[in-house]
Amino acid sequence: MDMSDNAKGFLLALSSSAFIGSSFVIKKIGLKKAGESGVSASSGGFSYLYQPLWWLGMITMIGGEIANFAAYAFAPAVLVTPLGAMSIIVSAVLAHFILSEKLHIFGVVGCILCVVGSTGIVMHAPKERDIHSVKEIWHLAFEPGFIVYACIVLVFVLVLILYFAPRGGRKQMLVYIGICSLMGSITVMCVKAVAIALKLSLSGNNQFKYGQTWFFVIVVIACCLVQLNYLNKALDKFNTAVVSPVYYVMFTIFTIVASMIMFKEWDSQSISDIVTALCGFVTILCGTFILHKTKDLGDNMAAIPTQVPAIITTQIEIPKIDVCLSPTGDCDSPTSTSKLHSRPSTPP
């Protein structure tokens, strides 16, 4: 019995999540080994390029992305895209057992909220419009709405790279993740342009003879290099179980926003879809807040003493008191005198 297209897409999407989620952990191991033998990635070093484990993680991530791309050829985006959230669970569980990065109960709740919110947004995201030429995407990219968005993204990325990253990047995870997520939204738009150009070229309509196609290719390469650099810094410095879901959430949000602005897909949205997407966005914010604020809770709880110090007891000695009970007043007789001694008292 032949497997249906939806089943093929479902299995490809699940395998993609498994590959991508495990790649975070494999790369983290490689980054740790690189930091022990040279300058760490969070300090600006590139010694991880000499680590086989890091390259294995990169190959695993590329394999996951290829599987994810292939899944879209068999199943609709409504089925494939939400399954990308499974990579969060994979990376968190593997990091818990392999890297000893404890995922406490609040981290579990944060992951669940992020997955639920992201799934709600993706499930009710607008449908893509049909594109028949790379020149159509070029005109869409240079319309005022997306130009404003791209300029805002560029300004924020430059401020994060030039000002916040050198001063607080190693303390604030959102600095590195923000750079990756903002650049990722631009990357996806350009990747879509290149993918459409490739698909049209394979069908006989060569799109690589246009300069616009090569412009998108250059932007994709540049953005991927920036994302790769700062994602390595985030993985090298912060907990993988936190980096993975926060990166997924922020990347998903910015990508959907960029897609809606560039392709004007909000025209096909109903009120119920918009309200559901907003609820999903609020859910994501709650999950991200819990993950970010409780990322060090496990270490802090371990530092709290679990035993109550023993109560210090003191013994108070009361001087002896001799009381004469003899009617004759002869207190020297051992038979006529009772010496009452008070016992030292101790607190209960």
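Along the sequence shown, the residues carry numbers beginning at 1. Below, each value reflects all heavy atoms present in this structure, side chains not excepted, and no hydrogens, waters or symmetry copies.
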Over all atoms of both residues, closest heavy-atom pair of [X] and [Y]:
| X | Y | result |
| --- | --- | --- |
| T60 | F19 | CG2-O, 3.1 Å |
| V220 | C190 | CG2-CB, 3.4 Å |
| L231 | C180 | N-SG, 3.3 Å |
| L235 | L31 | CB-CD1, 3.8 Å |
| S181 | F251 | OG-N, 3.5 Å |

Can [X] and [Y] be counted as having a side-chain donor-acceptor contact under 3.5 angstrom?
| X | Y | result |
| --- | --- | --- |
| S133 | Y210 | no |
| T276 | D273 | no |
| N229 | Q227 | no |

Donor-acceptor contact below 3.5 Å, side chain [X] vs main chain [Y]:
| X | Y | result |
| --- | --- | --- |
| S17 | A13 | yes |
| S16 | L12 | no |
| Q207 | V134 | yes |

Checklist entry - When hydrophobic residues are tied together by side-chain contacts of less than 4.5 Å, even through go-betweens, does I221 share a cluster with L228? => result yes
Next on the checklist: With rounding to the nearest 0.5 angstrom, report the CE to NZ distance, M61 to K27.
Outcome noted: 4.0 Å
Item to check | Nonpolar side-chain network containing L154, other nodes, edges under 4.5 Å | outcome: L158
Next on the checklist: Check this for me: Y50, atom OH, are more than 12 non-hydrogen atoms of other residues, nucleotides or ligands nearer than 6.0 Å?
Outcome noted: no
Next on the checklist: Once you measure the plane-to-plane angle for W138 and F216, does it fall in the parallel (<30°), tilted (30-60°) or perpendicular (>60°) bin?
Outcome noted: perpendicular
